[in-house]
Amino acid sequence: MIIALSGGIGGAKLARGLYRVLPADELTVVVNTGDDFEHLGLHIAPDLDTLVYTLAGCNNPDTGWGRAGETWTFMRVLAGIGGESWFNLGDGDLALHVERTRRLRAGERLATFTEDVRRRFGVHARVLPMSDDPVRTLVATDAGVLAFQHYFVRERCVPRVTGFEFAGAGAARPCAEVLAALRDRSLEAVVLCPSNPFVSIDPILSVPGIRAALAGCAAPVVAVSPIVGGDAVKGPTAKMMRELGLPVRAAAVAARYADFIDGFVLDERDAEEAGGIAMPVSISDTLMRSDVDRERLAGAVLGFVRTLGATR
Ligand code: FO1
């Protein structure tokens, strides 16, 4: 069994590569839910949905989020009657939010609902939220403290970032299946996908018990760099690093995880950084434009993990 930790679009690409090269039922993806929010009365879980759509092969290939071939009648009508229209919910996607909201209100766990949905989408990897409890990423900026989707979508990541908070993390319990998977004797490795360290991986690590479980798990833990050629492939990672006064370098990301990872996958464009990373490093082409690229990187990551030894 391989466990992948992932945020949305970038992480889902490597999760899909792992999904395609591993035997059925050998992958568990632990997903950030710090991006979740209540919008138009609905529980939206962007990263969970991105993972399910991407593994099922029905994600929108242009945006990375939402569904392929989506229609937008709901948004058009909503905008026409003066409703809140900055966050785009496609007609098919909307059905998932409506059903999730109904079932969570009826008392179902987010994990149980997500497992049911991924099975109905024909996905044979487990997709687990980091927690069933609400943890909400807040972005401290020069325009004030913003809820994550307000910063990311409504303000297009323009405000200057000064820090992050994960509201609710102190009281949140890790999803029981996540802790069980990290303790399972069949666990071969944990892979941190090339997701944003601040708003995708850190929220997962903020859930009490998860970081310690990663540090204490018997299998090797490796991270794949979200920095390629001294920049982020997509999204605000590099902008955030600059605004926080960090060098936009893969080595700075490796250092953030140094207390619990055993190896780091560096992009070939940043090969000269290897000497500055105090752990085993593997160098690969980490850009994933196609399924062939995703499978190639997944294969390289699994090969690297095997060189680190079966147990720590
Ligand atoms: N991202 C956008 O940039 N604009 C949107 O309107 C938008 C809508 C949306 C709807 C459903 C969903 O699951 C994701 C959506 N996203 C949108 C992506 C999402 O905001 C971010 O990619 C993640 O939260 C970051 O991982």
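All of these numbers come straight from a predicted model, not from anything done at the bench. Both ligands and their constituent atoms are indexed starting at 1 by order of listing.
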- Electrostatic pair Arg256:Asp202 at N-O distance under 4.0 angstrom: yes
- Proximity to ligand 1 by part of Asp93, non-hydrogen separation under 4.0 Å: side chain
- Message: I'd like to know if Asp291 pairs up with Arg16 as an ion pair, taking the criterion as any Lys NZ or Arg NE/NH1/NH2 lying under 4.0 Å from an Asp or Glu carboxylate oxygen.
- Response: yes
- Please assess Asp267 against Ser225 for the test side chain to side chain donor-acceptor pair (under 3.5 Å), listing each intermediate value before the final yes or no. CA-CA 7 Å; Asp267 187 84; Ser225 177; over 6 Å; no
- Task: Would you check, one step at a time, whether the test side chain to side chain donor-acceptor pair (under 3.5 Å) holds for Asn60 with Tyr53?
- Result: CA-CA 8 Å; Asn60 181 327; Tyr53 293 154; over 6 Å; no
- Among all protein heavy atoms, pick the one closest to atom 21 (C) of ligand 1 and tell me residue, atom and distance. Phe152 CE2, 3.5 Å
- Identify the protein heavy atom lying closest to atom 6 (O) of ligand 1, giving its residue, its atom name and the separation to 0.1 Å. Asn88 ND2, 2.8 Å
- Item | Closest protein heavy atom to atom 24 (O) of ligand 1, given as residue, atom name and distance to 0.1 Å | Asp35 OD2, 2.6 Å
- Going by the angle between their ring planes, with limits at 30° and 60°, are Phe148 and Tyr151 parallel, tilted or perpendicular? tilted
- Query: How does Val153 reach ligand 1, by side chain, by backbone, by both or by neither, if only non-hydrogen atoms under 4.0 Å count?
  - Reply: side chain
- Item | Ligand-side contact atoms (ligand 1) for residue partner Phe148, heavy atom cut-off under 4.0 Å | 24 (O)
- Task: Applying ring-ring contact (aromatic ring centres under 6.0 Å, His included), run through His124 and Tyr19 and close with a yes or a no.
- Result: CA-CA 8 Å; His124 52 73; Tyr19 180 63; 4.6 Å; yes
- Query: Polar-atom distance check: Gln149 versus ligand 1, any N or O pair below 3.5 Å?
  - Reply: yes
- Task: Please confirm whether Asp47 comes under 4.0 Å of ligand 1, counting heavy atoms of the residue only.
- Result: yes
- How far is atom 13 (O) of ligand 1 from its nearest protein heavy atom, and which residue and atom name does that atom have? Pro46 CA, 3.3 Å
- Query: Which of parallel (below 30°), tilted (30 to 60°) and perpendicular (above 60°) describes Phe37 and Trp86?
  - Reply: tilted
- Protein heavy atom at shortest distance from atom 5 (C) of ligand 1: Trp65 CZ2, 3.4 Å
